[in-house]
Amino acid sequence: MPVSTVSVPIVVLLTTVITTSAIAADREAVCVKYEMEHGWSKGYAVEGVVISGVDLNAKVGSISRFKSYSTYVVIFWDQGQATILELSAFSMGVPIFESQVRDQDGRLWKVKQGHGFCF
């Protein structure tokens with residue numbers, strides 16, 4: 001499991017808000033890998049929540065924690081653990097082909113749409 005995660009209070013807030021309110025967020029099947037010291041992790045076939053930076057900031061009670069013009073994918077791993085990946089500013093969602101992105105801590109990841117060929 002990835003090391004880079006969001007703090008527990010924000011995860012609880014995000015989980016509660018994303019599952020209970022009408023915001024511009026879509027659930028999508030994604031495949032992610034994170035950079036390790038020597039190469040890449042195995043692929044993780046997971047569900048991600050795609051959300052705009054504006055909505056993400058609103059839900060965590062901030063105006064500047066996340067870039068408002070960006071799109072993000074939030075992946076909930078386990079109780080109190082989540083990763084927030086920033087997609088390209090020009091992205092309308094998760095890319096079809098594997099693309100490199102960074103998480104909230106600056107760690108490099110690869111992300112793509114769907115679970116096909118996720119290894």
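- Atom CH2 of residue Trp109 and atom OG of residue Ser41 lie 7.0 Å apart, to the nearest 0.5 angstrom.
- Using the six-membered ring where Trp is involved, Tyr44 and Tyr34 have ring planes that are parallel, under 30° apart on the 30 and 60° scheme.
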Residue pair Ile84, Val73: steps toward the side-chain contact (heavy atoms from CB on, under 4.5 Å) verdict: CA-CA 6 Å; Ile84 301 174; Val73 177; over 6 Å; no
Stepwise side-chain contact (heavy atoms from CB on, under 4.5 Å) test for Val49 and Asp26: CA-CA 5 Å; Val49 176; Asp26 294 315; over 6 Å; no
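- Taking a cutoff of 4.0 Å between a charged side-chain nitrogen and a carboxylate oxygen, Arg107 and Glu35 do not qualify as a salt bridge.
- Nearest heavy atom pair, residue Gly93 against residue Leu87, reads O-CD1, 3.4 Å.
- With Ser68 contributing its side chain and Phe66 its backbone, the two residues share no donor-acceptor pair below 3.5 Å.
- Once rounded to the nearest 0.5 Å, the distance linking CZ of Phe119 with SG of Cys31 reads 8.5 Å.
- By the 4.5 Å heavy-atom criterion applied to side chains, Glu47 and Glu28 are not counted as neighbours.
- Cluster membership for Met36 and Val46, using ILVMFWY side-chain heavy atoms within less than 4.5 angstrom, is shared.
- Contact between Cys118 and Ala45 at its shortest, heavy atoms only, is SG-N, 3.6 Å.
- Not a single donor-acceptor pair under 3.5 Å links the side chain of His115 to the backbone N or O of Ala29.
- Using modelled atom types, no side-chain atom of Lys67 and backbone atom of Thr71 make a donor-acceptor pair closer than 3.5 Å.
- Side chain of Gln113 to main chain of Val30: no donor-acceptor pair is present (N/O by atom type, distance under 3.5 Å, no hydrogens or angles).
- Annotation: the span from Asn57 atom CG to Tyr72 atom OH amounts to 7.0 Å, rounded to 0.5 Å.
- Residue pairs meeting the salt bridge (charged side-chain N to carboxylate O under 4.0 Å, His left out) criterion with at least one partner in residues 92-102, sequence neighbours excluded, are Lys33-Glu98, Glu98-Lys110.
- Heavy-atom minimum distance, Ser70 versus Glu86: OG-OE2, 2.8 Å.
- Atom CG of Leu85 and atom CD1 of Ile75 lie 4.5 Å apart (nearest 0.5 Å).
- Under a 3.5 Å cut-off, the side chain of Asp103 and the backbone N or O of Gly106 do form a donor-acceptor pair.
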